[in-house]
Structure formats: C-alpha cells, structure tokens
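Any value given below was found using the heavy atoms of this structure, including those in side chains, with hydrogens, waters and symmetry copies removed.
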Amino acid sequence: MQFSAKFADPVAAPTDCIVVGVFQGKKPQLTPAGARLDRATNKTLGAALGRGGLDGRIGGAQFLYRPPGIKAGCVLLVGLGPKPDAKRDDNPSAATARRRRGAAIAAKLLDERGIASALLCLLDGDGDGGGDGGDDSAIRRRARHIAESMEDILYRFEQTKSGAPKPRQLKRVQLLCERAQLAAVKRGLREGAAVAAGIKRARDYANLPGNLCTPAFLAGEAKRLGKQHGIAVTVLGEAEMKRHKMGSLLSVSRGSREPAKLIVFEYRGLSGNRGRGKTRGKTRDKKTGPVVLVGKGLTFDAGGISLKPSAAMDEMKFDMCGGASVFGALQAAAELQLKLDLVGLVPCSENLPDGAANKPGDIVTSMSGRTIEILNTDAEGRLILCDALTYAERFQPAAVVDIATLTGACAVALGAHASGLFSDSDALAEELLAAGYASGDRAWRMPVWDDYAKQLESNFADLANIGGRYAGAVTAACFLKHFTAKFDWAHLDIAGTAWKSGAAKGATGRPVPLLVEFLLGRAEKRG
C-alpha cells in the first residue's frame, strides 16, 4: 500500500473516500475534520449519527455515499471509542489501541468495497488529552500505528493455496494533517510501512509449513534478505558449529534429517564497515557495541523423544517465530537506515524423535563449557539458544535480547496480551517495557531471581534443562541467564503472543513492533 501525508481542506480533496472518526459519548461527536465536512454537506454526517446508525463505539462504521458539497465519492464514519480526556487521565496505550482499531476497520471495509484510494482524517480530535500528547514524536507515532494497522488487517497468506492470489483493492492512502505536522507524519508513515513489511516477513515465514520452512530454507532467505538490504550474512553449518563446540545446539538436530544452521546477520548502520565480521572490533564497549537479537528458529518441534501430544501439534511450525521476528526487525532497521550496529543470530533446527535424538538423561556440553543434563527433550529451545548466546560474546554487544516461543507456562501466565520479559538489567528491562508500551506490542516483566535457579540443579551435570513443574517460564529464563554473564541481557518469551489458534490461526508477527521501537530508541540516543 502507498502511504502519503497531505495538508488540505477535506471538503475540496478529490478522493474515492474520506474516513472520519467518531467519538463515543452520550451524544456521538465528530472529530474537527468531520465537523468541517458536516457543515459542508449541510449536516449530512450529523444526521446519520442522529438516526442512531453509529454511536462511536469501537468497531462501528457507516458509509455515506455521494454526500453533497464535497469532492469525495463517499464518507466512511468510524467509531474511535470515548474521546481522550486529560482530566480523566486516559491511558495512552488504550488511546493508541482505539485509534489503531479504527484504522484497521477502515482499511478492511475500504478494501471489501473495492475502494482504491482514501483520505484518512484520523489524527485530529484528541486535543490536550490525546493520550500520547500532541508533539511531533506523538504525531509521528500515531501515523506509524495507522500504517501498521492498515497493512496488518489486510495481510493474507496464500502462498500454499492453488490459484492466483486475491489482489488488494485499497492501494493508496493519504493521511490528513496540519501543515506543521507534515514532516512528522511523513516520517511516521515511513516507519509504519517498514515495520509492517517486517511483520509481514515474520508472518510469512512462520505460516509456512515445516516441510517448506526448513533450516536450509531460512538460511537461503537470510542470504536473499542480506543482498536486498545491504546486510552481511554468514551461515554456520554443522561442521563449523562442531569447531565452535556448540554441543548443546547440535544435540537438538541429531534427531532430524535437516542439518542445523546458525544464521548470523550483521547490519552496520553506525560503523559503516564492510566485509565479514567487522562488527567484532576489539575496542568496543557497552556504549559502542552492537545490539544483538537472538531468535529461536525451531522450524518444527515434535518434542523429540519426549513426544508432544498429537492435538494441535501442527502449530509447532510456529516454534520459529522468535527467529522470524529477528528477520523482520533486521529488515525494518535496514529499510529505515537506522544509525546503529545490529547483529541478528538465528539458531535453526528441527526437534524430532529418531534413534540418534537426545534421550532424557543425556548430558551434552555447551559452547560455554557447561554441561547440561537433558531431563526433557521438549525443552530444546533453551538448548539451541544457550550456544547462540555464548556465540554473541564475540561481538562485544551493548545489549542482547533473545526472543523465543520458549514455554507454554508463559502463555498460561500472561495469555495472548503480553509477552513475558525477563532481565537482570533494570535499565534494559525498562527500555523494552517502554518500547512495548509505545508500540502497543506490550510485555510484562517477570523475575529471574537466583531462588528459582536452584530448581535447575543436577546431580550429574552443571545444570538441568528443566526445573520441575512450577514457574516453568521463570526457570527457563534462569537457564538462559547462566550464559549471559558478559553482557546486558533480556529474554522475551512470546509463546502466548506469537500466533493465534482456532479460526484465526496464524502468526501475528509479534514482537517485531516492540523490537523496532526499541531499536529506534537506541538509534535516536546515538544521534
């Protein structure tokens, strides 16, 4: 979809459709742009509200065709929920969610009606209580959210269906704004389009079945992404991983015919160096080192010898959503030309039962030298991540964030609304929480106290790969913490947020919005 910012009189704007917001209340209220159109159309919009067809609640919408006095072919009224009010101390995240929902509903209806171009009047009307303020950064973020939401609602996965894909009808969207807001809105739309493209890439990979999206497939896609966006890409095969003594990662792939891969992305937006491995300078410190994103890339997880139940096992193709989010975040960072150095690590494998597969009770040696007793072969994500985290040390990172569909326990604890955030760095945790809050892709902080680490003690190895029945998401994070002593680290458990089940089954693309918001903040701090 093509997005642009426009300063114009909505009455005289030539477009197929104008989209106007309506706030909910005892009496539905049009936004200022809507009130301007209402006067020009001899109260046509107000009359429609007066007939009770739309009360402003989120989800409500109404088309008005060929209204008199304006150039647009039709007007679409969209409910935005209650008007933000500074005196009510409205929740900024809720205000953002309402506006995103309104934009998504508009995109869906416009596309269904075959409308090719639209002018959106969805930035006005918040006043002083807009939930996120009225400065350039807030306007920019609102514009970004509108673009993300419209692209997200129109996403279709048709790659594995026969026949030609259904073409999109809505092709051009202009976002109406004040003259002084043009630069901020243009930047926000550019960021939103980049984030949406990253989300789409992550969803496309995750929605592919395990027989198509293999470790080798992702390695090939990584190289193509690198060529398209100027990102250096290295793929370590099993022979190289053996030389690095990644015994934990390699143990997981032993039960599969698909060889494991470790994908290494190096985006050099700050250093500008060229050539392999240039982000690994010996003089780096926490201020100049790269941000490292580590994504779990289990392209299919049957549980290994600790076989999963057959019900819903098809959804275990989504076990690589953490790795997919790294692809998406890297693409967005490159498209936005962010001024920071960024490394992406995606350890890829399958976890299947076989005569050579890990067995409960087996002991493997990780790249760090620590030995691990495998008490449950279905707790394999931490086995591939721990070696990737140790590998991250060579980049002397400013911060490391790993992203993984790691535990069903996290989904039980937080549901589908928030990802679990674990970190022993208060500063990094607050940075990620703020990014989730600003992007609408929220996380909730969980503990990684040493008290829980005791559950990982083993009689036969340095640590066990599970910690028993209780606090499973926490003990999984504590396991990873053993391999992060040399850098600031955070872990995002996205088991509840990465995909949906049921009739809406499919990947969500989360936490790409959170990650890109985090990277944007880091880049701005670097100037």
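- Heavy-atom neighbours of Gln228 CD from other residues, nucleotides or ligands within 6.0 Å: above the threshold of 12.
- For the atom pair Leu30 CG and Arg39 CZ, the distance stands at 10.0 Å (nearest 0.5 Å).
- Ser117 meets the side chain to side chain contact (heavy atoms under 4.5 Å, CB included) test with Thr15, Asp16, Arg172; sequence neighbours excluded.
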Please step through side chain to side chain contact (heavy atoms under 4.5 Å, CB included) for the pair Cys17 and Leu110, ending with a clear verdict. CA-CA 8 Å; Cys17 187; Leu110 291 167; 3.7 Å; yes

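- With salt bridges taken as basic N to acidic carboxylate O contacts below 4.0 Å, none links Glu148 and Arg190.
- Closest heavy-atom contact between Gly295 and Pro347: O-CD, 3.2 Å.
- Side-chain atoms of Ser423 never come within 3.5 Å of backbone atoms of Leu428 as a donor-acceptor pair (strictly under, hydrogens ignored).
- The shortest distance between side-chain heavy atoms of Leu119 and Val19 does not fall below 4.5 Å.
- The pair Arg522-Glu431 meets the salt-bridge criterion, with a side-chain N (NZ, NE, NH1 or NH2) lying under 4.0 Å from an Asp/Glu carboxylate O.
- Donor-acceptor pairing under 3.5 Å is lacking for the side chains of Trp489 and Asp424.
- Distance check, rounded to the nearest 0.5 Å: CZ of Arg142 to CG of Leu122 gives 11.5 Å.
- The two residues Thr44 and Pro68 have their closest heavy-atom pair at OG1-CD, 3.8 Å.
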Carefully, step by step, assess Phe265 and Tyr267 under the rule ring-ring contact (aromatic ring centres under 6.0 Å, His included). CA-CA 6 Å; Phe265 296 101; Tyr267 167 75; over 10 Å; no

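- Listed for the Thr508 side chain is a donor-acceptor partner under 3.5 Å among the backbone atoms of Thr497.
- Of the possible donor and acceptor atoms, none in the side chain of Lys339 sits under 3.5 Å from a partner among the backbone N and O of Glu524.
- Between Leu208 and Phe157 the shortest side-chain heavy-atom distance falls below 4.5 Å.
- Annotation: the span from Asp204 atom CG to Gln159 atom CD amounts to 4.5 Å, rounded to 0.5 Å.
- With contacts defined as side-chain heavy-atom distances shorter than 4.5 Å, the pair Val400/Leu389 qualifies.
- A donor-acceptor pair is defined here as one N or O able to donate and one able to accept, closer than 3.5 Å; no such pair exists between the side chain of Asp341 and the backbone of Pro290.
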Go through it in stages, so that I can follow the logic: the residues are Leu515 and Leu293, the test is side chain to side chain contact (heavy atoms under 4.5 Å, CB included), and I'd like the CA-CA distance, side-chain angles, deciding distance and then a yes or no. CA-CA 9 Å; Leu515 294 174; Leu293 302 179; 4.3 Å; yes

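- Taking the six-membered ring where the residue is Trp, Trp499 and Phe318 present parallel rings, their angle staying beneath 30° rather than reaching 60°.
- Applying side-chain contact (heavy atoms from CB on, under 4.5 Å) to Leu342 and the options Leu270, Leu519, Ile231 leaves one that passes, Leu519.
- Taking the charged nitrogens against the carboxylate oxygens, Lys200 and Glu151 have no contact shorter than 4.0 Å, which rules out a salt bridge.
- No donor-acceptor distance shorter than 3.5 angstrom exists from the side chain of His417 to the backbone of Ala443, with no hydrogens or angles considered.
- Interatomic distance, Arg51 CZ to Gln62 CD, rounded to the nearest 0.5 Å: 6.5 Å.
- Not a single donor-acceptor pair under 3.5 Å links the side chain of Asp488 to the backbone N or O of Ala399.
- In this structure the side chain of Phe217 never reaches within 4.5 angstrom of the side chain of Leu212, judged on heavy atoms.
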Kindly determine whether Arg187 and Arg144 satisfy side chain to side chain contact (heavy atoms under 4.5 Å, CB included), including the steps that lead there. CA-CA 8 Å; Arg187 182 176 173 187; Arg144 185 198 312 163; over 6 Å; no

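- Of all non-hydrogen atoms in Ala334 and His229, the two that sit nearest each other are CB-CB, 3.7 Å.
- Residues Arg156 and Pro165 fail the side-chain proximity criterion, which asks for heavy atoms closer than 4.5 Å.
- The pair Lys161-Glu158 fails the salt-bridge criterion, with no side-chain N (NZ, NE, NH1 or NH2) lying under 4.0 Å from an Asp/Glu carboxylate O.
- Between Gln169 and Glu112 the shortest side-chain heavy-atom distance does not fall below 4.5 Å.
- Residue-environment remark: CZ (Arg66) stays at or below the threshold of 12 foreign heavy atoms within 6.0 Å.
- Under the 3.5 Å distance criterion, the side-chain polar atoms of Asp38 are matched with a main-chain donor or acceptor of Gly46.
- When the options Val78, Leu80, Leu49 are evaluated for a side-chain contact (heavy atoms from CB on, under 4.5 Å) with Val22, the one that passes is Leu49.
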Pair Leu225, Gln331 - check side chain to side chain contact (heavy atoms under 4.5 Å, CB included), show working. CA-CA 7 Å; Leu225 177 63; Gln331 175 177 325; 3.9 Å; yes

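- Note that Arg445 lies outside the cation-pi zone of Phe422, set by a 6.0 Å cut-off to the ring centre and a 45° limit from the axis.
- Among Arg141, Arg510, Arg442, the single residue meeting the salt bridge (charged side-chain N to carboxylate O under 4.0 Å, His left out) criterion with Glu517 is Arg141.
- The closest side-chain heavy-atom distance from Leu45 to Thr41 is below 4.5 Å.
- For the pair Pro513 and Val195, the tightest heavy-atom approach, listed with the atom from each and the gap, is CA-CG1, 4.1 Å.
- Note on Lys500 versus Glu315: no salt bridge recorded, every NZ/NE/NH1/NH2 to OD/OE distance being 4.0 Å or above.
- Smallest separation of non-hydrogen atoms from Ala103 and Ile146: CB-CG2, 4.0 Å.
- For Gly509 against Ile199, the heavy-atom pair with the smallest separation is CA-CG2, 3.9 Å.
- Within a 6.0 Å radius of CG in Asp9, more than 12 heavy atoms belonging to other residues, nucleotides or ligands are found.
- One finds a salt bridge joining Lys296 and Asp319 here, because a Lys/Arg side-chain nitrogen approaches an Asp/Glu carboxylate oxygen to under 4.0 Å.
- Using a 4.0 Å cut-off between charged side-chain N and carboxylate O, Arg100 and Asp152 make no salt bridge.
- The aromatic ring centres of Phe395 and Phe487 sit 6.0 Å or more apart.
- Side chain of Asp111 to main chain of Ala107: no donor-acceptor pair is present (N/O by atom type, distance under 3.5 Å, no hydrogens or angles).
- Taking the side chain as every heavy atom from C-beta outward, Leu336 and Glu191 approach each other to under 4.5 Å.
- Between the side chain of Arg140 and the backbone N or O of Ala184 there is no donor-acceptor pair closer than 3.5 Å.
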Residues Lys26, Asp55; criterion salt bridge (Lys or Arg N to Asp or Glu O under 4.0 Å); working and verdict: CA-CA 9 Å; Lys26 292 181 180 179; Asp55 62 5; over 6 Å; no

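- Here His491 contributes atom NE2 and Leu421 contributes atom CG; the two are 9.0 Å apart, rounded to the nearest 0.5 Å.
- Panel note: side chain Asp493, backbone Cys410; no donor-acceptor pair is recorded below 3.5 Å.
- Going from atom OG1 of Thr484 over to atom CG of Asp402 covers 9.0 Å, rounded to the nearest 0.5 Å.
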